[in-house]
**Q** 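My questions all concern the structure below.
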Protein chains: 2
Amino acid sequence: MTAKRASPPAPAGREKILDAAEALFAERGFFGVTMRQISERAGVDVALPNYYFGSKQGLFDGVFLRRAEILNARRSEALERALATTADGRPELAGIIDAFLRPIRDAQSSADVGWRNYCRLVALVNSSPVWARMMTSHFDALVSKFVSALRLALPDVEMKDLYWAYHFLSGSLTLTMADTGRIDALSGGLCHSENARDAYAHMKEFYTAAFVGLAKSSARSATKKASRRTKA
Amino acid sequence: MTAKRASPPAPAGREKILDAAEALFAERGFFGVTMRQISERAGVDVALPNYYFGSKQGLFDGVFLRRAEILNARRSEALERALATTADGRPELAGIIDAFLRPIRDAQSSADVGWRNYCRLVALVNSSPVWARMMTSHFDALVSKFVSALRLALPDVEMKDLYWAYHFLSGSLTLTMADTGRIDALSGGLCHSENARDAYAHMKEFYTAAFVGLAKSSARSATKKASRRTKA
DNA sequence: GTCTATACCGTGATAGAC
DNA sequence: GTCTATCACGGTATAGAC
């Protein structure tokens with residue numbers, strides 16, 4: 001008796017279409033790719049993507065969703081672990097940032113080219129007014145949990161400052177995921193965008209320090225306010 | 001004789017096409033827009049864009065170039081001014097970052113909707129593997145000067161770290177320029193992406209502190225190295 | 001249920017006549 | 001500068017093969 005796979009023995013065609021579409025959408029965006037290019041790359045008939053996904057838009061959604069769920073699960077799990085590790089009753093800042101970044105780093109440095117393509121697609125989606133709502137609807141629930149976790153680690157920072165800081169982190173992450181190679185040329189070879197490990201190590205360190213700085217400047221302005229109160 | 005207006009003379013055919021194309025490309029990208037949509041929006045014949053710009057690609061280049069030159073001049077000038085203001089023989093960090101960001105902030109909060117559209121277009125271009133080379137060829141000369149200026153302000157930070165930090169700043173800036181509104185929803189209304197002043201004020205403060213943090217951690221590792229040397 | 005062949009018909013960029 | 005024709009290519013529907 002043949003061992004049954006846990007996950008549905010999906011027909012080869014469907015996955016091949018998703019993979020081909022993922023690679024092409026990541027490279028040229030939704031409008032820059034035709035159904036014919038996708039089916040040709042997947043080695044299937046032009047009509048097959050429509051058979052499975054109903055429309056080009058449906059295929060795009062399918063591509064985006066497939067790995068969004070996996071990624072969300074991994075990041076959510078990593079966040080839980082980070083929150084479980086507390087020092088003096090608070091979760092550790094660096095651990096939270098690591099939980100936020102590491103699953104993406106792993107995706108981007110994965111041997112599976114599909115994951116690397118997916119990262120570039122997410123970057124494209126997140127930068128476009130047309131598609132950014134897909135980010136909101138698939139990722140923002142988890143992002144809110146991250147921001148709440150940051151708040152636990154940095155209770156003196158105001159939520160507004162924390163959200164802006166998250167926005168900056170999100171931008172840095174997005175550009176890193178886009179992997180356009182611009183930094184390679186700019187830095188004259190000092191930085192290699194294909195070396196995701198290095199990029200994410202720098203990002204983690206940079207942002208951990210920057211969030212700490214946020215706490216310090218909050219402390220400063222709180223002191224100022226307090227001393228004003230004392231004077232009055 | 002009719003008095004000549006100082007402020008924008010009603011754009012003639014060529015400019016109207018650039019304006020229309022700019023708005024549409026910013027919204028939907030190169031492939032998401034048709035020449036018919038552009039000419040309809042500009043109120044000109046379908047053939048006119050081709051007459052002026054040779055091709056759709058030529059039009060795209062024209063849109064990108066028109067304001068790139070103006071922006072480069074403004075930022076270059078701002079950087080010169082920042083470099084002229086030195087404290088103890090070094091340019092001031094915050095001044096350099098301000099010079100880098102302010103012209104873009106002004107563009108994004110301009111009354112001229114064309115500038116606002118242009119910012120979104122640049123964000124799209126910078127996030128796409130297909131177009132990012134346009135960033136390199138039009139902006140990287142100036143960016144190199146900025147990184148050199150940062151190095152003057154922070155002589156102890158290694159160039160590689162400085163380039164990575166620039167990369168992160170560039171990502172934050174890009175996402176801010178993209179102005180997708182995602183942060184508005186996420187923050188539950190605490191942050192308003194259409195309030196460019198606020199966004200850039202936070203960005204300037206955040207990155208100034210983060211770059212200072214970079215210098216401190218360099219100092220730390222230098223000390224460590226030095227103490228290792230001493231031990232040996 | 002999975003997949004192919006083909007047809008449909010609107011729209012694309014652009015060239016050439018005016 | 002403008003109008004119009006061209007013709008390849010776009011997404012997708014359908015018929016039917018395995």
**Q** Whole angstroms only, please: what is the CG-P distance between A/L48 and C/dC3?
**A**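 Whole-Å distance recorded here is 6 Å.
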**Q** Mind calculating the distance between CD (A/Q37) and P (D/dG10) to the nearest angstrom?
**A**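 After rounding, the gap between these two atoms is 7 Å.
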**Q** Whole angstroms only, please: what is the CD-P distance between B/E40 and C/dT11?
**A**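 Taking atom P of C/dT11 as the reference, CD of B/E40 is at 12 Å.
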**Q** Is it the case that B/D161 and A/H202 place a side-chain donor and acceptor less than 3.5 Å from each other?
**A**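 Yes.
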**Q** Could you check whether B/D98 pairs with B/K204 (Lys NZ or Arg NE/NH1/NH2 to Asp/Glu carboxylate O, under 4.0 Å)?
**A**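 Salt bridge present between B/D98 and B/K204.
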**Q** Using a heavy-atom cut-off of 4.0 Å across all strands, would you classify B/F31 as base, sugar-phosphate, or nothing?
**A**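 Here B/F31 touches no strand at all.
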**Q** Would B/R75 and B/F100 count as a cation-pi pair here, with the cationic atom under 6.0 angstrom from the ring centre and within 45° of the axis?
**A**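 Ring-cation test returns yes.
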**Q** As a test of understanding, state which of B/W131, B/F31, B/F53 forms a ring-ring contact (aromatic ring centres under 6.0 Å, His included) with B/F60.
**A**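 For B/F60, the ring-ring contact (aromatic ring centres under 6.0 Å, His included) test succeeds with only one of B/W131, B/F31, B/F53, which is B/W131.
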**Q** Nearest whole Å is fine: how far is C/dG12 P from B/L59 CG?
**A**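 Roughly 15 Å, once rounded to whole Å.
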**Q** Side chains of A/Q108 and A/Y118: closer than 4.5 Å at any heavy-atom pair?
**A**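 A/Q108 vs A/Y118: side chains apart.
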**Q** Answer yes or no: does a side-chain N or O of B/Y51 lie under 4.0 Å from OP1 or OP2 of D/dT2?
**A**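 Checking D/dT2 against B/Y51, no side-chain N or O comes under 4.0 Å of OP1 or OP2.
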**Q** Counting primed atoms plus P, OP1 and OP2 as sugar-phosphate and everything else as base, spell out the protein contacts along nucleotides 11-18 of chain D at 4.0 Å heavy-atom distance: B, S or - for each nucleotide, 5' to 3'.
**A** BBBB----
**Q** Could you give the angle between the helix axes at the two ends of the helix from C/dG1-D/dC18 to C/dC18-D/dG1, with five pairs per end, rounded to 10 degrees?
**A**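 Angle reported: 10°, given to the nearest ten degrees.
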**Q** Please work out whether the ring planes of B/Y207 and A/Y207 are parallel, tilted or perpendicular, with thresholds of 30° and 60°.
**A**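 Because their plane-to-plane angle is over 60°, the rings of B/Y207 and A/Y207 count as perpendicular.
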**Q** Quick one, A/T176 and A/Y200 - any side-chain contact, counting heavy atoms below 4.5 Å?
**A**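 Heavy-atom side-chain distance check passes, below 4.5 Å.
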**Q** Are A/D140 and B/R182 packed together at the side-chain level, in the sense that at least one heavy-atom pair is separated by less than 4.5 angstrom?
**A**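 Result yes, sub-4.5 Å side-chain heavy-atom pair found.
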